[in-house]
Amino acid sequence: MKTYPPSKKDSLVKRWYLRAKNTPEREAVIHWTASGDNIRWTYSSLVSRAEEYASYLRSRGIRKGDVCAMIFKHNPEFYPLYLGISILGAVPAVLAYPNPRLHKDKFAQGIEGMLRHSGLDWVLAETSLQETLDPFLRGEIKLRGLCFPLEDFKPGPLAAKERERIRQTALSLDPGRPALLQHSSGTTGLQKAVVLTHETVLGHLETYSRTLALTDQDRIVSWLPLYHDMGLIAAFHLPLAMGIPSVQIDPFEWVIAPSLLFEAVSR
């Protein structure tokens, strides 16, 4: 399998663009559902939609270096939105969507702790969380803004000049810049954040892929949530950077029907 060793000129974003250029019609992410209404993103369609999200996010005021928490259920638009944040040079931080087992006060306390200690600038979420998140726009330490891209964003082709400007920003990103903010689960206390740079993540992915002896015939099928470090790094970033498809299964659907994993693997 052709790989692109990390270098001072490489970033995760540049790797995605290389894949989109070299293998545009290769499947990158398959969004799997129990109903069978699966959505398939090729590298070219994924990067193109990500550029549209990047333009939208910049119009909302998000800039390079801003930390953007992402709180969403299993959604096919999550993947290009994540890439769009990175293309801008902003820093995504994937957080768990609150579930019935998590009291809303506990969820709010977690956001407050991350706001104080992780430097969250923006929260990108679903509108169902607006009432819980609105208070964080006020107070001594506050968010710069809330954004609801899944409801507000209208996909459509970018003007050539705008797309070129987005790509210039994306391909000029320093690989030493932060690529993502990974939080611990917070099971035993306040969630703690670790900053990972592009070159750090790519170096890990190269070592990981060699250890697994990945080839371009491989697939990765996962039910792991993307706020989990193994879900995000091993089941999303690894295949995306190495040029192999990943199949993303809703963790909650998998809990109800574990056979989904075997169905996806066999298909």
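Keep in mind that the numbers below use all heavy atoms, side chains included, and drop hydrogens, waters and symmetry copies.
Between Lys142 and Glu112 there is no salt bridge, since none of the side-chain N atoms of the basic residue sits less than 4.0 Å from a carboxylate O of the acidic one. By the 4.0 Å N-to-carboxylate-O rule, Glu52 lies close enough to Arg49 to be salt-bridged with it.
Connection of Ile249 to Ile256 is not established within any shared hydrophobic cluster, with ILVMFWY side chains joined at heavy-atom distances below 4.5 Å, either directly or through further cluster members. A chain of hydrophobic side-chain contacts below 4.5 Å, direct or via other Ile, Leu, Val, Met, Phe, Trp or Tyr residues, connects Val265 to Leu224.
Pro258 places a side-chain heavy atom less than 4.5 Å from the side chain of Trp254. Contact of the Trp122 side chain with the Leu146 side chain is not registered, since no non-hydrogen atoms from C-beta on lie closer than 4.5 Å. Residues Ser209 and Glu206 are in side-chain contact: their nearest non-hydrogen atoms beyond the backbone lie under 4.5 Å apart. Under the 4.5 Å side-chain criterion, counting only non-hydrogen atoms from C-beta, Val94 is in contact with Phe78. Counting heavy atoms from C-beta outward, Leu181 and Ser118 have side chains that approach closer than 4.5 Å. At a threshold of 4.5 Å between non-hydrogen side-chain atoms, the residues Pro80 and Tyr53 count as touching. Residues Asp66 and Val91 form no side-chain contact, since every pair of their non-hydrogen atoms from C-beta on lies 4.5 Å or further apart. Contact check for Arg177 versus Thr197: no side-chain heavy atoms found under the 4.5 Å cut-off.
A side-chain donor-acceptor contact under 3.5 Å links Asn38 to the backbone of Thr33. Here the side chain of Thr215 pairs a donor or acceptor atom with the backbone of Gln217 at under 3.5 angstrom. Between the Thr200 side chain and the Leu196 main chain, no donor and acceptor come within less than 3.5 Å of each other. Using modelled atom types, one side-chain atom of Ser11 and one backbone atom of Lys14 make a donor-acceptor pair closer than 3.5 Å.
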- Show the numbers, then the answer: is there a side chain to side chain contact (heavy atoms under 4.5 Å, CB included) between Ile39 and Ile30? CA-CA 6 Å; Ile39 304 296; Ile30 297 93; over 6 Å; no
- Worked verdict on Ile87 versus Arg167 for side chain to side chain contact (heavy atoms under 4.5 Å, CB included): CA-CA 8 Å; Ile87 283 173; Arg167 289 182 179 178; over 6 Å; no
- Given the rule in the side chain to side chain contact (heavy atoms under 4.5 Å, CB included) test, do Met70 and Ile85 qualify, once you have shown the distances and angles that lead to the verdict? CA-CA 10 Å; Met70 301 180 67; Ile85 295 170; 3.6 Å; yes
- Task: Check the pair Ser45, Ser48 against side chain to side chain donor-acceptor pair (under 3.5 Å), reporting the backbone distance first and the verdict last.
- Result: CA-CA 5 Å; Ser45 65; Ser48 179; over 6 Å; no
- Query: Checking side chain to side chain contact (heavy atoms under 4.5 Å, CB included) for the pair Lys64/Leu88: CA distance, chi angles, key distance, verdict?
  - Reply: CA-CA 6 Å; Lys64 182 184 291 188; Leu88 275 184; over 6 Å; no
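Sorted by first and then second residue, the salt bridge (charged side-chain N to carboxylate O under 4.0 Å, His left out) pairs with a member in residues 29-41 read Glu27-Arg40; sequence neighbours excluded.
Shown here for Ile62 and Cys68, the closest heavy-atom pair between the two residues is CG2-SG, 3.8 Å. In terms of heavy-atom proximity, Ala69 sits nearest to Leu95 at CB-CD1, 3.7 Å. Shown here for Pro92 and Ala90, the closest heavy-atom pair between the two residues is CD-O, 3.6 Å. Closest approach of Cys147 to Tyr56, counting heavy atoms only: SG-OH, 3.4 Å. Minimum heavy-atom separation, Tyr17 to Ala170: CE1-CB, 3.6 Å. Residues Ala54 and Gly84 share a closest heavy-atom pair of CB-O, 3.5 Å.
Using the six-membered ring where Trp is involved, His31 and His74 have ring planes that are parallel, under 30° apart on the 30 and 60° scheme.
Considering CG of Leu205 and CG of Leu12, their distance stands at 6.5 Å, rounded to 0.5 Å. Taken from NZ in Lys21 to CG in Leu18, the straight-line distance is 7.5 Å, to the nearest 0.5 Å. In this structure, Leu171 CG and Ile166 CD1 are separated by 11.5 Å, a value rounded to the nearest 0.5 Å. Considering CG of Leu46 and CH2 of Trp41, their distance stands at 6.5 Å, rounded to 0.5 Å. The structure places CD1 of Ile111 at 4.0 Å from CZ of Phe107, a figure rounded to the nearest 0.5 Å. Atom OG of Ser86 sits about 7.5 Å away from atom CG of Leu180, to the nearest 0.5 Å.
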Give every donor-acceptor pair under 3.5 Å between a side-chain atom in residues 232-247 and any protein atom, sequence neighbours left out.
| from | atom 1 | to | atom 2 | distance (Å) |
| --- | --- | --- | --- | --- |
| His237 | NE2 | Tyr82 | OH | 2.8 |
| Ser246 | OG | Gln248 | NE2 | 3.2 |

Atom pairs and distances, donor-acceptor, side-chain atoms in residues 123-138, under 3.5 Å, two or more places apart:
| from | atom 1 | to | atom 2 | distance (Å) |
| --- | --- | --- | --- | --- |
| Glu126 | OE2 | Lys73 | N | 3.0 |
| Thr127 | OG1 | Glu151 | OE2 | 3.4 |
| Ser128 | OG | Tyr97 | OH | 2.6 |

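For the pairing with Glu51, the salt bridge (Lys or Arg N to Asp or Glu O under 4.0 Å) check across Arg165, Arg163, Arg58 returns one residue only, Arg163.
For OH of Tyr227, the number of neighbouring non-hydrogen atoms (other residues, nucleotides, ligands) closer than 6.0 Å is 12 at most.
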